[in-house]
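Basis for what follows: all heavy atoms, side chains included, without hydrogens, waters or symmetry-related copies. So that the names make sense, note that chain A is the first sequence line, chain B the second, and so on, each numbered from 1. Not measured: the values here are computed from a predicted model.
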Amino acid sequence: EDQVTQSPEALRLQEGESSSLNCSYTVSGLRGLFWYRQDPGKGPEFLFTLYSAGEEKEKERLKATLTKKESFLHITAPKPEDSATYLCAVQAVSGGSYIPTFGRGTSLIVHP
Amino acid sequence: NAGVTQTPKFRILKIGQSMTLQCTQDMNHNYMYWYRQDPGMGLKLIYYSVGAGITDKGEVPNGYNVSRSTTEDFPLRLELAAPSQTSVYFCASKGTGGYTEAFFGQGTRLTVV
């Protein structure tokens, strides 16, 4: 059974205080690890796709990395507008179909 | 493009009532999914479809039904609503291919009382 575990569940940072979110996973036949951002009352919004171990992606203050067992979302000098829940998902093949499996998310609050 | 559109945004049901959550996408995606999201529990897959006429159960299908008569639409039917179905429901779609990302609707917040 595919499993995705995110930590911490919640994270409070001061503006400018860099940190990392973790996503550990077990999956057979990985077809991508995805990071999404979810604002309150909204649907998840895509941030990154990571294809294979060793890959890194960057967007503004966010940088995602991938190993064979986990992914990190590094947030450098965060701003209050980075406050959101960050979801990690792994996608594997199940009976010929692609099924994204999500972690429970990390709720990030950045204080000014 | 509108992307993925869900209706309604909010709904209150009484126990035992039925309703259909609507989902439509205009990206010509083959894959469509229904998830429910409970506080602190992440997204749980209810049903999914790989194309018109093809549907399959996810992790938590009990109490729900789906159909996929067209590429664009993937409605979720709740029969005999129960308090355990109080949740936020998200529809998503994805293009063909293993590494493509999913696009989500804005969600339907359902309360069963």
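Nearest heavy-atom pair, Ala52(B) versus Thr71(B), reported as atom, atom and distance to 0.1 Å: CB-N, 4.2 Å.
Residue Tyr98(A) touches chain B through both its backbone and its side chain, counting heavy-atom pairs closer than 4.5 Å. At a 4.5 Å heavy-atom cutoff, the contact between Gln38(A) and chain B is made by side-chain atoms alone. Neither the backbone nor the side chain of Leu33(A) comes within less than 4.5 Å of any heavy atom in chain B. Both the backbone and the side chain of Tyr99(B) come within contact range of chain A, with heavy atoms under 4.5 Å apart. Heavy atoms of Lys9(B) lying under 4.5 Å from chain A are absent altogether. Interface remark: Leu43(B) contributes backbone and side-chain atoms alike to the contact with chain A (heavy atom separation under 4.5 Å). Interface remark: Tyr51(A) contributes backbone and side-chain atoms alike to the contact with chain B (heavy atom separation under 4.5 Å). For Tyr36(A), the part lying under 4.5 angstrom from a heavy atom of chain B is the side chain only. Interface remark: Thr49(A) contributes side-chain atoms only to the contact with chain B (heavy atom separation under 4.5 Å). With a threshold of 4.5 angstrom between heavy atoms, Tyr33(B) approaches chain A through side-chain atoms but not through N, CA, C or O.
Side-chain contact check for Arg77(B) and Thr20(B): at least one donor-acceptor pair (N or O, by modelled atom type) lies under 3.5 Å. Residues Ser18(B) and Glu79(B) have side chains that bring a donor and an acceptor to within less than 3.5 angstrom of each other. Glu70(A) and Asn22(A) share a side-chain donor-acceptor pair at under 3.5 Å.
Contacts with chain B were tallied for Gly32(A), Ala10(A), Gly105(A), Pro44(A); Pro44(A) has the most, counting heavy-atom pairs under 4.5 Å.
Side-chain atoms of Gln6(A) come within 3.5 Å of backbone atoms of Tyr86(A) as a donor-acceptor pair (strictly under, hydrogens ignored).
Residues Phe90(B) and Ile99(A) share a single hydrophobic cluster, defined by chaining ILVMFWY side chains whose heavy atoms lie under 4.5 Å apart.
Checking each of Tyr64(B), Trp34(B), Tyr35(B) against Tyr89(B) for a side chain to side chain donor-acceptor pair (under 3.5 Å) leaves exactly one that passes, namely Tyr64(B).
Taking the six-membered ring for Trp and thresholds of 30 and 60 degrees, His29(B) and Phe103(B) have ring planes inclined between 30 and 60 degrees apart.
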